[in-house]
There are 2 protein chains.
Amino acid sequence: MSLLVIGTVAFDAIETPFGKTDKIVGGSATFASLGASYFYDKIKIVAVVGDDFPQHEIEDLQKHNVNTEGLQVKQGEKSFFWSGRYHNDMNSRDTLVTELNVLEAFDPIIPDSYQDCEYLMLGNLSPQVQQTVIARLKNRPKLIVMDTMNFWMDIALDELLKTIQLVDVLTINDAEARQLSGEFSLVKAARKILTMGPKYIIIKKGEHGALLFHEDKIFSAPALPLAEVFDPTGAGDTFAGGFIGYMAKVGTINFNNMKNAIIFGSALASFCVEKFGSERLRNLSEEEIAARIQEFVGLSKFEL
Amino acid sequence: MSLLVIGTVAFDAIETPFGKTDKIVGGSATFASLGASYFYDKIKIVAVVGDDFPQHEIEDLQKHNVNTEGLQVKQGEKSFFWSGRYHNDMNSRDTLVTELNVLEAFDPIIPDSYQDCEYLMLGNLSPQVQQTVIARLKNRPKLIVMDTMNFWMDIALDELLKTIQLVDVLTINDAEARQLSGEFSLVKAARKILTMGPKYIIIKKGEHGALLFHEDKIFSAPALPLAEVFDPTGAGDTFAGGFIGYMAKVGTINFNNMKNAIIFGSALASFCVEKFGSERLRNLSEEEIAARIQEFVGLSKFEL
């Protein structure tokens, strides 16, 4: 029994109104596995880096209970690199550089020892690669969660739709839900997307929280109102990782557990944005997480 | 003991993607008193209309427990008229016509029989008029709730700031909170506005719900995810009216009661947007409201 995370392990260079970084470690699989690691300890990763990727960073993932047997290191090649600049409102950003490098020909090889995975997190990545991973698993996982973004809707919609058909939970943001469905109302958008394959859809609304849709049920999760968002990079991946890590921990797939998983994922994401990149996710204590969860409880609770 | 509502009683002509209306009855005091009427039965209104305002509409307010002694009817003058067209997203609108008419020289006269008011709803109106009403009350009400909008920030900021100093609760939307405070983060915006006088601030976020701030406490209320928003006109006024109506009913001013008041106000507002103008607020049953409140409870409840 394990949780398989696929996605990118990469370098980011980030500019925000608060400062800028050199190349730091980022990537959807990095954030998602770090997020999941706070709730679950049998995480296996499939991703690809170049020989420029520091060994100590791989060891740091291992210290977070992440099995890196499926992390391919391509000699003579460079890791995926993304650079972006956030605007003052921190809600929008410009991409400055995208160098695919090792990602261009990424073949997601699943080590035999990974075939026991019951939970699969398809982190943001080309839908074709996400699909290949599903096809290469001998047994269909108990729960497949897929994250994606508008980029794939723009350039690979057909492949994206094929992949969406295969998953249990789709996580996208509100603008992406509107784009994918052609509906402005998020309720209508979710209803339409639920006919495309997933049994659950989570619409991430950033500072406004998240909505979970399943059959005719809806759950509205708050976001923690923050005085400062230092760097939003990776918050969505961290959310998804925390979400599936919590589901793997509880082990039973139902709406109530997913509600809690959204709260746990949101709590992890609220830490992520406090520092650059994945820095804040490196050494969280159980006490810090428990206190943050209590903030979420206090924030939205009312008793009539 | 009573609830005094001031604001506009007016005509609106509305265009939405779903259709358009001729002149129908609207105005902040209309929506707010109808909203409050579902929780509280001693409502007194101060507003002004022209002799074009139908008597049966005044009688309909009376049927909703609204005392109209303070509703001035100006012979030979016309009622305030606003006309607007909503865009396809229903989140933005263009004002087509604004005719102030009777509002131009509105002197808010408080009948003696209104001097017992313990709750005061300052519906959206010129801050000068809002201030005058406070000054004319012999005893300061137990709770003063003020609604306003960006229009007054643009043209009467000084008067607005003087009025804000005098109230207990300010309700504004997120864009207005940002404009008033000069802060993008809603947490920072709220903190700054709390230094301007009000002890509570409610930031209305439309389809994303509302945030209540008081001292260092925050409550995040969900909005009901709706498949259709037929006409958003008056939703904010209805929310404010439902809020203060509920507070008047429970009678004790504290954070917990305000949380519930926000849920009740949100429920009323969610009805308001289902039909044009105030139509849906005219004949709600207790059962409908109770069922809607249960939807809010189900929407945001989680048990860890």
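For the numbers below, each heavy atom of this structure counts, side chains included, while hydrogens, waters and symmetry mates do not. Predicted model, so just to flag it, every value in this text is computed and none were measured.
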- Message: Less than 4.5 Å to any heavy atom of chain B: does that hold for the side chain of L212(A), its backbone, both, or neither?
- Response: neither

- Over all heavy atoms of both residues, which pair between L211(A) and P225(B) is shortest? Give the atoms and the distance, please. CD2-CG, 4.2 Å

- Note on the structure: Answer key: most heavy-atom pairs under 4.5 Å with chain B among L226(A), V229(A), L186(A) is L226(A)

- Task: Identify the two heavy atoms, one from K205(B) and one from E207(A), that lie closest to each other, and give their separation to 0.1 Å.
- Result: NZ-O, 4.1 Å

- Task: Taking all non-hydrogen atoms of both residues into account, name the closest pair between K259(A) and K301(B) and its distance.
- Result: NZ-O, 2.7 Å

- So with a 6.0 Å cut-off around NZ of K217(A), is the heavy-atom count from everything else above 12? yes

- Heavy-atom distances under 4.5 Å only: say whether V297(A) touches chain B with side chain, backbone, both or neither. both

- Is the closest side-chain heavy-atom distance between N256(A) and E303(B) below 4.5 Å? no

- Among P222(A), A227(A), S185(A), residue most engaged with chain B (heavy-atom pairs, under 4.5 Å): A227(A)

- Trace of the side chain to side chain contact (heavy atoms under 4.5 Å, CB included) decision for K188(B) with E228(A): CA-CA 8 Å; K188(B) 287 189 180 177; E228(A) 301 281 17; 3.1 Å; yes

- Whatever's closer than 4.5 Å to a heavy atom in chain B on I218(A) counts as both

- Item | When F302(A), F296(A), F184(A) are compared by non-hydrogen pairs under 4.5 Å with chain B, the top option | F302(A)

- Query: Which answer fits L304(B), side chain, backbone, both or neither, if we ask what part of it has an atom under 4.5 Å from a heavy atom of chain A?
  - Reply: both

